[in-house]
Amino acid sequence: MSCRGVFFAITQAQRDRLVGLATDSERLDFVQMEISEAWDEAHLLQTDKAWDAIHRCLTDGTLSTAHSQNSLSRLILGGKQLYAGDEYIINLIDLDELGALSNALADVDEEWFLARYDVVLKDSDYGAYPISTHDRAYTWEYFSGIPSFVARAAAERRAVIFTVDQ
């Protein structure tokens with residue numbers, strides 16, 4: 001498993017179909033065969049393996065999928081989980097949540113984000129990479145495109161899914 005995360009801004013029809021599917025297997029097949037296979041570059045954003053550290057920086061430092069009142073926590077793992085198994089994540093952020101998420105992301109600057117990285121990851125069970133200057137820069141680089149991606153999805157009235165195989 002590669003553990004490389006990808007955001008997709010999906011149409012309302014794709015969202016409705018995805019949510020309407022009955023099983024994890026059907027939802028995973030739809031994401032892999034219909035959404036991911038199309039590789040619509042205008043509506044996707046890759047995070048490589050930085051998604052783990054990004055999520056931790058925006059939350060309490062854990063990989064919890066618990067819903068929080070913090071809009072930032074919804075970005076990677078805190079939306080509606082559409083896959084119950086351990087080998088894949090499909091996290092849905094619906095249109096009604098995108099505005100608040102976009103506003104919260106717009107307030108995240110490099111100084112705040114990297115300060116969170118320094119504090120949160122140092123005290124967490126983060127094991128994807130050793131905490132380093134390289135990982136810190138890598139994490140920020142992948143995060144830095146997310147605010148505009150989410151804002152564009154909201155403006156285009158597209159829900160967002162975050163996907164990763166584990």
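The residues of the chain are indexed from 1 along the displayed sequence. Quick note: numbers below take in every heavy atom, side chains included, and nothing from hydrogens, waters or symmetry partners. Just so it is clear, the model here is predicted, and its values are computed rather than measured.
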List in chain and number order the residues that pass side-chain contact (heavy atoms from CB on, under 4.5 Å) with Ser148, two or more places apart in sequence or in another chain; answer none if no residue qualifies. none
Quick one: side-chain contact (heavy atoms from CB on, under 4.5 Å) partners of Leu28, sequence neighbours excluded? Gln32, Tyr83, Tyr88
Would you indicate whether the side-chain heavy atoms of Thr11 and Gln14 approach each other to under 4.5 Å? yes
Close side-chain approach of Asp165 to Glu87, heavy-atom, < 4.5 Å: no
Rounded to the nearest 0.5 Å, how far does OG of Ser36 lie from CG of Asp29? 12.0 Å
Quick one: CD1 on Ile89 to CD1 on Ile161, what's the gap to the nearest 0.5 Å? 12.5 Å
If we only count heavy atoms from C-beta on, is the Thr47 to Phe143 side-chain gap below 4.5 Å? no
Go through the structure and list residues passing ring-ring contact (aromatic ring centres under 6.0 Å, His included) with Phe7, not counting sequence neighbours. Phe162
Might you work through the side-chain contact (heavy atoms from CB on, under 4.5 Å) test for Leu114 and Arg136, ending with a clear yes or no? CA-CA 7 Å; Leu114 294 177; Arg136 191 174 185 263; 3.3 Å; yes
Rounded distance (nearest 0.5 Å) linking atom OG1 of Thr163 with atom CH2 of Trp51: 10.5 Å
Sorted by chain and residue number, the salt bridge (Lys or Arg N to Asp or Glu O under 4.0 Å) partners of Asp94 (sequence neighbours excluded) come out as Arg15
In this structure, CZ of Phe8 is separated from CD of Glu34 (nearest 0.5 Å) by 12.5 Å
Could you tell me which non-hydrogen atom of Gly5 sits nearest to which non-hydrogen atom of Val164, and how far apart they are? N-CG2, 3.8 Å
Go through it in stages, so that I can follow the logic: the residues are Leu82 and Asn91, the test is side-chain contact (heavy atoms from CB on, under 4.5 Å), and I'd like the CA-CA distance, side-chain angles, deciding distance and then a yes or no. CA-CA 6 Å; Leu82 298 179; Asn91 182 63; over 6 Å; no
Glu26: what forms a side-chain contact (heavy atoms from CB on, under 4.5 Å) with it, not counting sequence neighbours? Leu21, Ala22, Thr23
Is the shortest heavy-atom distance from the side chain of Val6 to the side chain of Leu45 under 4.5 Å? no
If you count heavy atoms of other groups shown closer than 6.0 angstrom to CG of Asp96, is the number above 12? yes
Going by the rule salt bridge (Lys or Arg N to Asp or Glu O under 4.0 Å), which residues pair with Arg4 if we only count those two or more places apart in sequence or in a different chain? Asp48
Who clusters with Met33? Use side-chain heavy atoms, under 4.5 angstrom, across I, L, V, M, F, W and Y, and order the result by chain and number. none
Aromatic plane relationship, Tyr138 with Tyr142 - under 30° parallel, 30 to 60° tilted, over 60° perpendicular: perpendicular
Restricting to salt bridge (Lys or Arg N to Asp or Glu O under 4.0 Å), what partner residues turn up for Asp60, sequence neighbours left out? none
By side-chain contact (heavy atoms from CB on, under 4.5 Å), which residues pair with Asp109, not counting sequence neighbours? Glu111, Trp112
Thr59 side chain vs His55 backbone, donor-acceptor pair below 3.5 Å: yes
Is it the case that one hydrophobic cluster holds both Leu98 and Leu58, taking links as side-chain heavy atoms less than 4.5 Å apart, direct or via other members? yes
Shared hydrophobic cluster, Phe149 / Leu95 (ILVMFWY, side-chain heavy atoms < 4.5 Å): yes
Any donor-acceptor pair under 3.5 Å from Trp140 side chain to Asp135 backbone: no
Salt bridge (charged side-chain N to carboxylate O under 4.0 Å, His left out) contacts touching residues 143-159 (sequence neighbours left out): Glu156-Arg158
Between the NZ atom in Lys49 and the CG atom in Asp52, the distance rounded to the nearest 0.5 Å is 10.5 Å
Excluding sequence neighbours, so at least two apart, what forms salt bridge (Lys or Arg N to Asp or Glu O under 4.0 Å) with Arg27? Asp24
State yes or no: do Leu92 and Ile146 share one hydrophobic cluster built from I, L, V, M, F, W and Y residues joined by side-chain heavy-atom distances below 4.5 Å, directly or via other members? no
Name all pairs fulfilling the ring-ring contact (aromatic ring centres under 6.0 Å, His included) condition that reach into residues 11-43, sequence neighbours left out, sorted by first residue then second. none
Mind checking whether Ile93 and Leu63 sit in one hydrophobic cluster, side chains of I, L, V, M, F, W, Y counted as touching below 4.5 Å? yes
Could you measure the distance from the CD1 atom of Ile54 to the CG atom of Leu72? Nearest 0.5 Å is fine. 12.0 Å
Is any side-chain heavy atom of Val160 less than 4.5 Å from a side-chain heavy atom of Ile10? no
